[in-house]
J.: 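Have a look at this one before I ask anything.
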Amino acid sequence: MDIPRIFTITESAHRIHNPFTPDKFATLGTALRLAPGARVLDLGSGSGEMLCTWARDHGIFGTGIDMSRLFTEQAKLRAEELGVARQVTFIHGDAAGYVSDEKVDVAACVGATWIAGGVAGTIELLERSLRTGGIILIGEPYWRQLPPTEDIAKGCLAGSISDFLVLPELISSFGVGGHLGYDVVEMVLADQDGWDRYEAAKWLTMRRWLEAHPDDESAEEVRAKLTTEPERYTAYTREYLGWGVFALMPR
Ligand code: SAH
């Protein structure tokens, strides 16, 4: 069981697999007022940067589940490196349907809401692991600017304009407007510099990978991506797509 190989190639050097930077995760950890010993569940935990740094900085205990074998291995190494291996556990597996045995203080899915079929399904799944009074974290894209055409949405690698909402609509979808019945109690948004760290970091990784693997079966695909991605990203994603983490509490 693993994610498509292309992500493992392009994001092998990433510690954070979304447009957040280390300072954004630090801001979020502080904003949530995490108490030492708090339990955090993270579905789609990637290379574990959020749980490992919050374990170091706030004394939390965390469990992360991720379908990528490589990212899960990197998360375990990061925990060792930061001296928090006794506080965090990383499990390689499918997070679809995952509910923790023990209720948690924070249940998160940061940039992987397809795990439960979208934002609403993921919130529902996370709530099954959440203690009363706990906080749900959802990391999700939104339109910074509504794309004027479907072609522009496709340029952002969205299936269509309707895949994402503008920020006030996304906020409203969590609360009264969307009938999900959650209070939005905090929010930290990515910025374009963070998008650059996520997207532009892939380019050097691809270039170095191509030099090391010229005859690999994925070489042609990676070559094509390296050729087109910088222009596509700067023309579309960087201009039109926002991203943020939203903290929710059931009403
Ligand atoms: N939250 C992490 C990673 C976000 S990228 C971070 O902030 O860095 C999305 C992650 O979801 C990837 O690590 C990918 O391997 C993982 N993933 C995709 N499908 C999954 C599934 N069904 N179950 C668990 N993890 C999954």
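Remember, it's 1-based here, ligands and their atoms both numbered in the order they're listed. Values reported hereafter were calculated over all heavy atoms of this structure, with side chains retained and with hydrogens, waters and symmetry mates removed.
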J.: Any non-hydrogen atom of G139 lying under 4.0 Å from ligand 1?
T.: no
J.: Please list, in number order, the atoms of ligand 1 under 4.0 Å from a heavy atom of G93.
T.: 23 (N), 24 (C)
J.: Roughly how far, to the nearest 0.5 Å, is the CD1 atom of I115 from the CG atom of D94?
T.: 7.5 Å
J.: Is any side-chain heavy atom of K24 closer than 4.5 Å to one of D191?
T.: yes
J.: Look at atom 8 (O) of ligand 1 and say which protein heavy atom is nearest, naming residue and atom and giving the distance to 0.1 Å.
T.: H17 N, 2.8 Å
J.: Tell me yes or no: between the side chains of T21 and D23, is some donor less than 3.5 Å from an acceptor?
T.: yes
J.: Relative to atom 1 (N) of ligand 1, which among G46, G44, G111 owns the nearest non-hydrogen atom?
T.: G44
J.: Starting from atom 19 (N) of ligand 1, find the nearest protein heavy-atom neighbour and note its residue, name and distance.
T.: W114 NE1, 3.2 Å
J.: Using a strict cut-off of 4.0 Å, indicate which atoms of ligand 1 neighbour a heavy atom of S45.
T.: 2 (C)
J.: For M67 and ligand 1, does the shortest N/O to N/O distance drop below 3.5 Å?
T.: yes
J.: Decide whether an N or O pair under 3.5 Å exists between V110 and ligand 1.
T.: yes
J.: Any N/O of R15 closer than 3.5 Å to an N/O of ligand 1?
T.: no
J.: Within the structure, does N18 bring an N/O atom to less than 3.5 angstrom of an N/O atom in ligand 1?
T.: yes
J.: Please determine whether a side-chain nitrogen of the Lys or Arg among E229 and K202 lies less than 4.0 Å from a carboxylate oxygen of the Asp or Glu.
T.: no
J.: Between ligand 1 and D42, is the shortest N or O to N or O distance under 3.5 Å?
T.: no
J.: Any salt bridge between R223 and E220, counting N to O under 4.0 Å?
T.: no
J.: Going by the atom numbers of ligand 1, which of them fall below 4.0 Å from some non-hydrogen atom of A95?
T.: 21 (C), 23 (N), 24 (C)
J.: Between H213 and W209, is a side-chain hydrogen bond (donor to acceptor under 3.5 Å, both in side chains) present by the stated rule, with each step listed?
T.: CA-CA 6 Å; H213 305 87; W209 183 91; 3.2 Å; yes
J.: Within the 4.0 Å heavy-atom shell around S68, which atoms of ligand 1 are there?
T.: 15 (O)
J.: Does R251 pair with D183 as a salt bridge, N-O distance under 4.0 Å?
T.: yes
J.: More than 12 heavy atoms of other residues, nucleotides or ligands under 6.0 Å from CZ of F7: is that the case?
T.: no
J.: State whether the shortest distance between N or O atoms of A112 and N or O atoms of ligand 1 falls below 3.5 angstrom.
T.: no
J.: Where does D66 meet ligand 1, judged by heavy-atom distances below 4.0 Å: at the side chain, the backbone, both, or neither?
T.: both
J.: Looking only at heavy atoms, which two atoms of T122 and I138 are closest? And how far apart?
T.: CG2-CD1, 4.0 Å
J.: Answer yes or no: does an N/O atom from I16 fall short of 3.5 Å to an N/O atom of ligand 1?
T.: no
J.: The test is ring pair (Phe, Tyr, Trp, His ring centres under 6.0 Å); show your working for Y182 and F174 and say whether it passes.
T.: CA-CA 6 Å; Y182 290 84; F174 298 129; 8.1 Å; no
J.: Consider ligand 1: state whether an atom of it lies below 4.0 angstrom from any non-hydrogen atom of F7.
T.: no
J.: Using a strict cut-off of 4.0 Å, indicate which atoms of ligand 1 neighbour a heavy atom of F71.
T.: 13 (O), 15 (O)
J.: Where the closest heavy atom to atom 22 (N) of ligand 1 is concerned, which of D2, D94, L70, T8 has it?
T.: D94
J.: So which atom in P141 and which in L241 form the shortest heavy-atom distance, rounded to 0.1 Å?
T.: CB-CG, 4.2 Å
J.: Identify which one of Y240, W143, Y142 satisfies the ring-ring contact (aromatic ring centres under 6.0 Å, His included) criterion when paired with F164.
T.: W143
